[in-house]
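Please read the structure below before turning to the comments.
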Amino acid sequence: MTASSISAGNAAKALNAIALNAKASADFKDKVTETLALLKQAVSEFSPVTQASSLGAEDVVITHLINQNALNIPVFVLETGALHRETLALLERTQAHSVAPVKVYRPSTEKVIAFVRTHGQDAMYESLELRKACCRVRKLEPLAEALKGQRAWVTGLRREQSNNRAEVPLIDRADEATKGQIKLNPLANWTWGDVWHYIDLHKVDYNPLHDQFFPSIGCAPCTRAISLGEEFRAGRWWWEDEAAKECGLHAKK
Ligand code: SF4
């Protein structure tokens with residue numbers, strides 16, 4: 001190994017997501033305790049319950065807590081057919097190492113082919129309607145399948161992520177009457193620094209795209225890196241208005 005390759009390696013390490021972001025809040029330990037209590041409550045009061053994981057930083061923290069505490073919360077991932085190879089590789093590693101079962105839901109191949117034939121590969125950039133139609137086929141329909149028979153689902157939503165999410169409650173009963181499901185957001189109070197402090201503390205495996213300035217990771221065509229000073233979710237559907245930036249999984253009424 002040459003001196004220049006060593007220093008390049010050190011520079012890359014110095015700039016990784018942990019080095020850039022890990023910073024525990026003063027009440028970090030209390031937050032972990034609160035999160036664990038909510039996950040345990042999920043099992044005792046809201047079973048069957050499942051974790052929706054996009055394999056982003058928040059979700060790998062929750063899966064780690066589930067596994068560390070042997071909680072009966074299976075995990076599911078929506079494999080839209082448009083994920084980055086880094087995300088697919090993390091999915092494979094997660095399936096290999098997670099104690100909690102990790103189930104993968106995919107969209108209907110026929111529907112994806114029909115959508116692309118009719119609207120083209122880049123339809124999502126043409127209009128909000130087509131982008132939402134793509135999300136419906138690739139995400140929302142598989143999500144409905146994943147949530148069938150579930151009493152509750154666990155997400156990695158945090159209040160800090162965007163204005164749309166600023167009031168996310170720990171226990172969200174907004175859809176209980178219509179869909180019969182409760183949404184649990186155990187990291188609602190966590191900061192981005194807390195998430196990375198936890199990942200660093202427990203050496204949690206994470207998506208290397210986070211090291212390339214992708215704080216929020218979705219499908220490859222709809223996610224880009226962000227620049228210094230940009231909003232947390234600026235890299236998602238960046239060509240759209242801020243208010244439209246949800247795929248429907250967590251849309252507010
Ligand atoms: S995020 Fe983009 S590629 Fe993924 S389902 Fe939505 S529109 Fe389609």
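Just so you know, ligand 1 is whichever comes first in the structure, and atom 1 is the first atom listed for that ligand. For reference, positions follow the sequence shown, starting with 1.
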**Item:** Residue selection (non-hydrogen contact nearest atom 8 (Fe) of ligand 1) among Cys134, Pro221, Gly81
**Value:**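 Residue with the shortest heavy-atom distance to the ligand atom: Cys134.
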Under 3.5 Å, which donor-acceptor pairs do the side chains of residues 75-93 form with other protein atoms, sequence neighbours left out?
{"unit_1": "Glu79", "atom_1": "OE1", "unit_2": "Gly81", "atom_2": "N", "d": "2.7"}
{"unit_1": "Thr80", "atom_1": "OG1", "unit_2": "Ala82", "atom_2": "N", "d": "3.1"}
{"unit_1": "Thr87", "atom_1": "OG1", "unit_2": "Asn207", "atom_2": "ND2", "d": "2.9"}
{"unit_1": "Arg93", "atom_1": "NE", "unit_2": "Asp205", "atom_2": "OD2", "d": "2.6"}
{"unit_1": "Arg93", "atom_1": "NH2", "unit_2": "Asp205", "atom_2": "OD1", "d": "3.1"}
{"unit_1": "Arg93", "atom_1": "NH2", "unit_2": "Asp205", "atom_2": "OD2", "d": "3.4"}

Go through ligand 1 atom by atom and flag the ones less than 4.0 Å from a non-hydrogen atom of [X].
X: Met124; value: 3 (S), 7 (S)
X: Arg131; value: 7 (S)
X: Cys222; value: 1 (S), 2 (Fe), 3 (S), 7 (S)

Glu145 and Lys148: salt bridge (charged side-chain N to carboxylate O under 4.0 Å, His left out), yes or no, with the steps? CA-CA 5 Å; Glu145 200 53 40; Lys148 258 185 201 163; 3.1 Å; yes
Logged contact type for Cys135 with ligand 1, heavy-atom cut-off 4.0 Å, is both
Within the 4.0 Å heavy-atom cut-off, what Arg138 brings close to ligand 1 is side chain
May I have the list of side-chain donor-acceptor pairs in residues 112-125 shorter than 3.5 Å, sequence neighbours left out?
{"unit_1": "Thr118", "atom_1": "OG1", "unit_2": "Ala114", "atom_2": "O", "d": "2.7"}
{"unit_1": "Tyr125", "atom_1": "OH", "unit_2": "Pro221", "atom_2": "O", "d": "2.5"}

* Would you find more than 12 non-hydrogen atoms of other residues, nucleotides or ligands less than 6.0 Å from His202 atom NE2? -> yes
Could you check Thr191 against Asp194 for side-chain hydrogen bond (donor to acceptor under 3.5 Å, both in side chains), going step by step and ending with a plain yes or no? CA-CA 5 Å; Thr191 64; Asp194 290 329; 3.0 Å; yes
